[in-house]
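Inspection log for the structure reproduced underneath, given as structure tokens.
Only this structure's heavy atoms are used, side chains among them; waters, hydrogens and symmetry mates stay out. Protein chains get the first letters and strands the later ones, always in sequence-line order, with residue 1 at the start of each. Fair warning: this is a prediction, and the values are worked out from it, not measured in the lab.
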There are 2 protein chains.
Amino acid sequence: MLSKKTKYGLKALTFIARTGSDVPVQVGEIAKSEQIPQKFLESILLTLRKSGILGSKKGKHGGYYLRKDPSEILMTEVMRVLEGPIAMVQCVSLNFYEKCDDCPDEHLCSVNKLMIQVRDSTLEVFKNTTLKDLSLR
Amino acid sequence: MLSKKTKYGLKALTFIARTGSDVPVQVGEIAKSEQIPQKFLESILLTLRKSGILGSKKGKHGGYYLRKDPSEILMTEVMRVLEGPIAMVQCVSLNFYEKCDDCPDEHLCSVNKLMIQVRDSTLEVFKNTTLKDLSLR
DNA sequence: GCAATTCCTACTAAATCGATAGGATTAATA
DNA sequence: TATTAATCCTATCGATTTAGTAGGAATTGC
């Protein structure tokens, strides 16, 4: 299941992209419009800023803005920041690989085999979807 | 992330399929070979039996066996039994649909749009993979 | 009757999730 | 320069889920 963090994060990014401007958008505005607990959203946007997807401006009239054009923000990047590994098992993860402690040989493992396929097909979707695609109504 | 339950369940099913016979396989044998805590595995195989994927024989020389040929056991079925919904959000699930409480209109929701694609591509993998495929080395 | 197996219920420790609380820091503006 | 409004940061917390464990009842083969 998708975490609320990721869900809220995607909605917030979409909201910002849909404004179509470079003027910073405030957390409160997004929280109200998307029905997201404001404090929770704050921490999510902070994560997105630290990862470089969002930029921020502090103080009065501050807020968050996209650091790239929506058409250049891939879902692979967003999902990895918000949700973590895209693969369903670590032994199949491209960016977060770790050997299974129980599995003696990955190449004989049926779970490994299946999850590679799932990873690749999911990756295909994320690689071909940008924030611009999400923001189109 | 895939739960251990699902991981162990898939490994156990593969193990049983690989025996290639109708003689019941004992939990202890699978647990030992696949390095799975026996009591935990017991409960998993019980779930698979209740769902109709496995059959069982009690008492001495008892154990678990497949109720269908491995080539007829689809991953869609196995995954739904072990892991639950295939979709990453309920509002996109075919078998476990539920409306999001926060989302006023699914058709305008960017998360919905993205997760439908992920669901379909994952489903495509599961629909085209059988236990037989997994059991081939 | 005994041994070996599945079946069933209940419990538990640890981790994760979904927040909330409280304030520090920064920037615009009057 | 004081005020206000925003982000930034750390810490905490209750609820839920996960990954088992414990103990024994029921069933079957010999």
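The structure places CG of B:Asp120 at 12.5 Å from CE of B:Met115, a figure rounded to the nearest 0.5 Å. Between A:Tyr64 atom OH and A:Ile44 atom CD1 the span is 11.0 Å, to the nearest 0.5 Å. Atom CG of A:Asp133 is separated from atom OG of B:Ser110 by 11.0 Å, given to the nearest 0.5 angstrom.
Contact check of residues 89-97 of chain A against DNA chain D (heavy atom, cut-off under 4.0 Å) returns no residues at all. Listed by residue number, the members of residues 75-82 of chain B with any heavy atom below 4.0 angstrom from DNA chain D form an empty set. Contact check of residues 25-47 of chain A against DNA chain C (heavy atom, cut-off under 4.0 Å) returns A:Pro37, A:Lys39, A:Phe40.
Counting only residues at least two apart or in different chains, salt bridge (charged side-chain N to carboxylate O under 4.0 Å, His left out) contacts with residues 104-115 of chain A are absent.
Rounded to a whole Å, the NZ atom of B:Lys58 is 6 Å from the C1' atom of C:dT6. If you take NE2 of B:His61 and C1' of C:dA3, they are 10 Å apart, rounded to a whole angstrom.
For CZ of A:Arg67, the number of neighbouring non-hydrogen atoms (other residues, nucleotides, ligands) closer than 6.0 Å is 12 at most. Counting heavy atoms of neighbouring residues, nucleotides and ligands inside a 6.0 Å radius, atom CG of A:Asp22 does not exceed 12 of them.
Where B:Arg49 and A:Lys4 meet DNA chain C, the nucleotide closest to each residue was compared, and B:Arg49 sits on the side nearer the 5' end.
Taking every nucleotide of DNA chain D with any atom under 4.0 Å from a non-hydrogen atom of chain B, the first and last of them, 5' to 3', are D:dA19 to D:dC30.
For A:Ser43 (side chain) and A:Phe40 (main-chain N/O), a donor-acceptor pair under 3.5 Å exists by modelled atom type. With hydrogens and angles disregarded, no donor-acceptor distance shorter than 3.5 Å links the side chain of A:Arg119 to the backbone of A:Met88.
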Chi angles and distances behind the side-chain contact (heavy atoms from CB on, under 4.5 Å) call for B:Met1, A:Val89: CA-CA 6 Å; B:Met1 284 284 140; A:Val89 283; 5.8 Å; no

B:Ile30 and B:Ser33: side-chain contact (heavy atoms from CB on, under 4.5 Å), yes or no, with the steps? CA-CA 5 Å; B:Ile30 305 171; B:Ser33 168; over 6 Å; no

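Heavy atoms of B:Lys7 sit nowhere under 4.0 angstrom from any nucleic acid atom.
For A:Ser135, the side chain to side chain contact (heavy atoms under 4.5 Å, CB included) criterion is met by A:Thr14, A:Ala17, A:Arg18, not counting sequence neighbours.
With salt bridges taken as basic N to acidic carboxylate O contacts below 4.0 Å, one links A:Glu77 and A:Lys68. Salt bridge A:Glu34/A:Lys7: absent, no basic N to carboxylate O contact under 4.0 Å.
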